[in-house]
Amino acid sequence: MAEAKRIERPLSPFMFVQYYRLQLTAVTSVMIRITGNAMMVAVLLLIWWLLALAAGPEYFETAEWWITSFVGDLIMFGSLWAIWYHYLGGLRHLVFDAGKGLDIETAEKLGWICVYGSVVLTILTVIIIWL
């Protein structure tokens with residue numbers, strides 16, 4: 001009998017990173033979940049702002065200062081990107097749910113559309129807001 005050829009496999013799960021190339025479709029799918037949860041930061045900040053508005057001028061001043069500060073601007077900018085990314089990713093998943101675009105080439109194109117489209121739409125939204 002011929003000897004069975006032994007398959008060389010990594011001995012540790014940490015070696016997985018060296019041998020496996022993370023696919024764009026997996027990354028975009030995970031990013032949809034991350035952006036969905038990250039948008040809660042902006043929602044909580046806006047709820048705090050509304051509660052401060054109802055609580056009185058001194059509370060509102062504090063909340064307004066935080067929201068319009070550099071940190072607040074970063075949070076709002078990141079949340080704006082997350083909203084656009086999450087929206088485009090949701091549309092992408094609707095296409096997948098319809099049974100379309102499931103081949104690797106189309107799925108990767110849709111993934112890149114989500115990535116680049118969210119950046120472009122975020123920049124356009126900021127430009128429109130500042131005008």
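Here the structure is a predicted model, which is why all the values come from computation and not from measurement.
Rounding to the nearest 0.5 angstrom, the gap separating the OG atom in Ser118 from the CD1 atom in Ile113 is 11.5 Å.
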N/O donor to acceptor pairs below 3.5 angstrom from side-chain atoms of residues 41-49, sequence neighbours left out:
from, atom 1, to, atom 2, distance (Å)
Trp49, NE1, Glu64, OE1, 2.7

Which donor-acceptor pairs under 3.5 Å do side chains of residues 98-108 form with protein atoms, sequence neighbours excluded?
from, atom 1, to, atom 2, distance (Å)
Asp103, OD1, Thr106, OG1, 3.0
Asp103, OD2, Thr106, N, 3.3
Asp103, OD2, Thr106, OG1, 2.9
Glu105, OE2, Lys109, NZ, 3.3

Per-pair distances, 0.1 Å, donor-acceptor, side chain in residues 124-131, under 3.5 Å, sequence neighbours excluded:
from, atom 1, to, atom 2, distance (Å)
Thr125, OG1, Trp84, NE1, 3.0
Thr125, OG1, Leu121, O, 2.6

Result block: side-chain N/O donor-acceptor pairs under 3.5 angstrom for residues 85-94, not counting sequence neighbours:
from, atom 1, to, atom 2, distance (Å)
Tyr85, OH, Thr28, O, 3.3
His86, ND1, Ile32, O, 3.0
His86, ND1, Thr35, OG1, 3.2
Arg92, NH1, Thr28, OG1, 2.9
Arg92, NH2, Thr28, OG1, 3.2

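In the hydrophobic cluster analysis, where Ile, Leu, Val, Met, Phe, Trp and Tyr join through side-chain heavy atoms closer than 4.5 angstrom, Val27 is grouped together with Val119. Residues Ile34 and Trp112 are members of one and the same hydrophobic cluster, defined by side-chain heavy-atom contacts under 4.5 angstrom among Ile, Leu, Val, Met, Phe, Trp and Tyr. Connection of Met31 to Met40 is not established within any shared hydrophobic cluster, with ILVMFWY side chains joined at heavy-atom distances below 4.5 Å, either directly or through further cluster members. Leu50 and Met39 fall into different hydrophobic clusters, where Ile, Leu, Val, Met, Phe, Trp and Tyr are joined by side-chain heavy atoms under 4.5 Å apart, directly or via other members. Under the 4.5 Å side-chain heavy-atom criterion for grouping Ile, Leu, Val, Met, Phe, Trp and Tyr, Leu24 is not connected to Val120 through any hydrophobic cluster.
Listed by first and then second residue, the ring pair (Phe, Tyr, Trp, His ring centres under 6.0 Å) pairs involving residues 25-44 amount to none (not counting sequence neighbours). For the side chain to side chain donor-acceptor pair (under 3.5 Å) condition, no pair includes a residue of residues 66-78, sequence neighbours left out.
Heavy-atom neighbours of Phe60 CZ from other residues, nucleotides or ligands within 6.0 Å: above the threshold of 12.
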